[in-house]
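Let me begin by presenting the structure, written as structure tokens, before commenting on it.
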Amino acid sequence: MSILKFNKVNFTDGEKTILKDINFEIKKGDYVTIVGPSGSGKSTLLKLCNNLISPSDGSIYYNDKNITEYNPVDLRKDISYCLQIPHLFGETVMDNLSFPFKIRNAKINMDKIHELTYKFKIRKNILDEKIINLSGGEKQRISLMRTLMHTPDVLLLDEVTSSLDVENTSIVEDIVKDLNDKGVTILWITHDMEQSFKYANKRINLNSGELKELEVIK
Ligand SMILES: Nc1ncnc2c1ncn2[C@@H]1O[C@H](COP(=O)(O)OP(=O)(O)O)[C@@H](O)[C@H]1O
Ligand SMILES: [Mg+2]
């Protein structure tokens, strides 16, 4: 059984074909990296996975059920997406980290917030910091921490280490590897060839909206 399956998926915008006849299957626990030139359709492919956008043709299945049959809000709790350009809101870091609890009508779990702050090795005084005072790399990590406040079934990452230095990139790679070891399925867009091979067992290589093969690398 596959956790995610694309069957003859096309995505077009008017005359322009952005993704063409995409077919692949991903199994639970796979760690898939997605590579390809800018504009090849990588972000479009990820947005299709949790129904942020819909295919023009073809079908996408999550646990063998068409994703259109899921409630979109529930689907996005199971399949979460961390954006290429972090979108933080409100005034402070805490406004962002408490958000995942608020949308679930749950009590804010400070232990979880502190656990992730520790794992990401991010400065402890950051919680009360104003968003406008954060560096690009801090914004990227806060956005990822917000995504990981609840562990998803499938984690979609769009170039989430592009503003991070080598050390912080490695911290994020290890956190994601640890989640994968615990059973989380990973789809990670990266421009970094070394990163695309480091922990992944499969690789998607997109070129002008086409996928030749799902490369098995481990
Ligand atoms: N919703 C959309 N409507 C029209 N064009 C789009 C849309 N989304 C992406 N594109 C175009 O589709 C192509 C692929 O975009 P994208 O998926 O962002 O590529 P990548 O992430 O590989 O850089 C680009 O030419 C982009 O301009
Ligand atoms: Mg992109």
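If you're wondering where the values come from, they're calculated on a predicted model, not measured in any experiment. In listed order, ligands and their atoms are each counted from 1. Count residues from 1 along the sequence.
Residues Asp30 and Ile3 fail the side-chain proximity criterion, which asks for heavy atoms closer than 4.5 Å.
Side chain to side chain, Asn66 and Thr68 meet the donor-acceptor criterion of an N or O pair below 3.5 Å. A donor atom on one side chain and an acceptor atom on the other are not found under 3.5 Å apart for Asn10 and Asp21.
Using a 30° and 60° split on the angle between ring planes, Phe89 and Phe99 fall in the perpendicular class, above 60°.
Counting only distances under 2.8 Å, and ignoring water, the protein N, O or S atoms around the Mg ion (ligand 2) are Ser43 OG.
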Could you pull out every donor-acceptor pair under 3.5 Å between side chains of residues 170-184 and any protein atom, sequence neighbours left out?
from: Glu173; atom 1: OE1; to: Lys198; atom 2: NZ; distance (Å): 2.5
from: Glu173; atom 1: OE2; to: Gln195; atom 2: NE2; distance (Å): 2.9
from: Asp174; atom 1: OD1; to: Tyr199; atom 2: OH; distance (Å): 2.7
from: Lys177; atom 1: NZ; to: Asp181; atom 2: OD1; distance (Å): 2.8
from: Lys177; atom 1: NZ; to: Asp181; atom 2: OD2; distance (Å): 3.3
from: Asp178; atom 1: OD2; to: Lys182; atom 2: NZ; distance (Å): 3.0
from: Asn180; atom 1: ND2; to: Gly29; atom 2: O; distance (Å): 3.1
from: Asn180; atom 1: ND2; to: Val184; atom 2: O; distance (Å): 2.9

Using distance only, find each side-chain donor-acceptor pair of residues 76-83 under 3.5 Å and give its atom names and separation, not counting sequence neighbours.
from: Arg76; atom 1: NE; to: Asn50; atom 2: O; distance (Å): 3.1
from: Arg76; atom 1: NH2; to: Asn51; atom 2: O; distance (Å): 2.7
from: Tyr81; atom 1: OH; to: Asp158; atom 2: OD2; distance (Å): 3.0

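Atom-to-atom distance recorded for Glu215:CD and Asn201:CG is 11.5 Å, nearest 0.5 angstrom.
Taking a cutoff of 4.0 Å between a charged side-chain nitrogen and a carboxylate oxygen, Glu167 and Lys121 do not qualify as a salt bridge.
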Atom pairs, nitrogen or oxygen, ligand 1 to protein, under 3.5 angstrom:
from: ligand 1; atom 1: 17 (O); to: Ser43; atom 2: N; distance (Å): 3.4
from: ligand 1; atom 1: 17 (O); to: Thr44; atom 2: N; distance (Å): 2.9
from: ligand 1; atom 1: 17 (O); to: Thr44; atom 2: OG1; distance (Å): 2.5
from: ligand 1; atom 1: 19 (O); to: Gly41; atom 2: N; distance (Å): 3.2
from: ligand 1; atom 1: 21 (O); to: Ser43; atom 2: N; distance (Å): 2.9
from: ligand 1; atom 1: 21 (O); to: Ser43; atom 2: OG; distance (Å): 2.9
from: ligand 1; atom 1: 22 (O); to: Ser40; atom 2: N; distance (Å): 3.2
from: ligand 1; atom 1: 22 (O); to: Gly41; atom 2: N; distance (Å): 3.1
from: ligand 1; atom 1: 22 (O); to: Lys42; atom 2: N; distance (Å): 2.9
from: ligand 1; atom 1: 22 (O); to: Lys42; atom 2: NZ; distance (Å): 2.8
from: ligand 1; atom 1: 23 (O); to: Gly39; atom 2: N; distance (Å): 2.7
from: ligand 1; atom 1: 25 (O); to: Lys16; atom 2: NZ; distance (Å): 2.7

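The two residues Met149 and Leu116 make their nearest non-hydrogen contact at SD-CD1, 3.6 Å.
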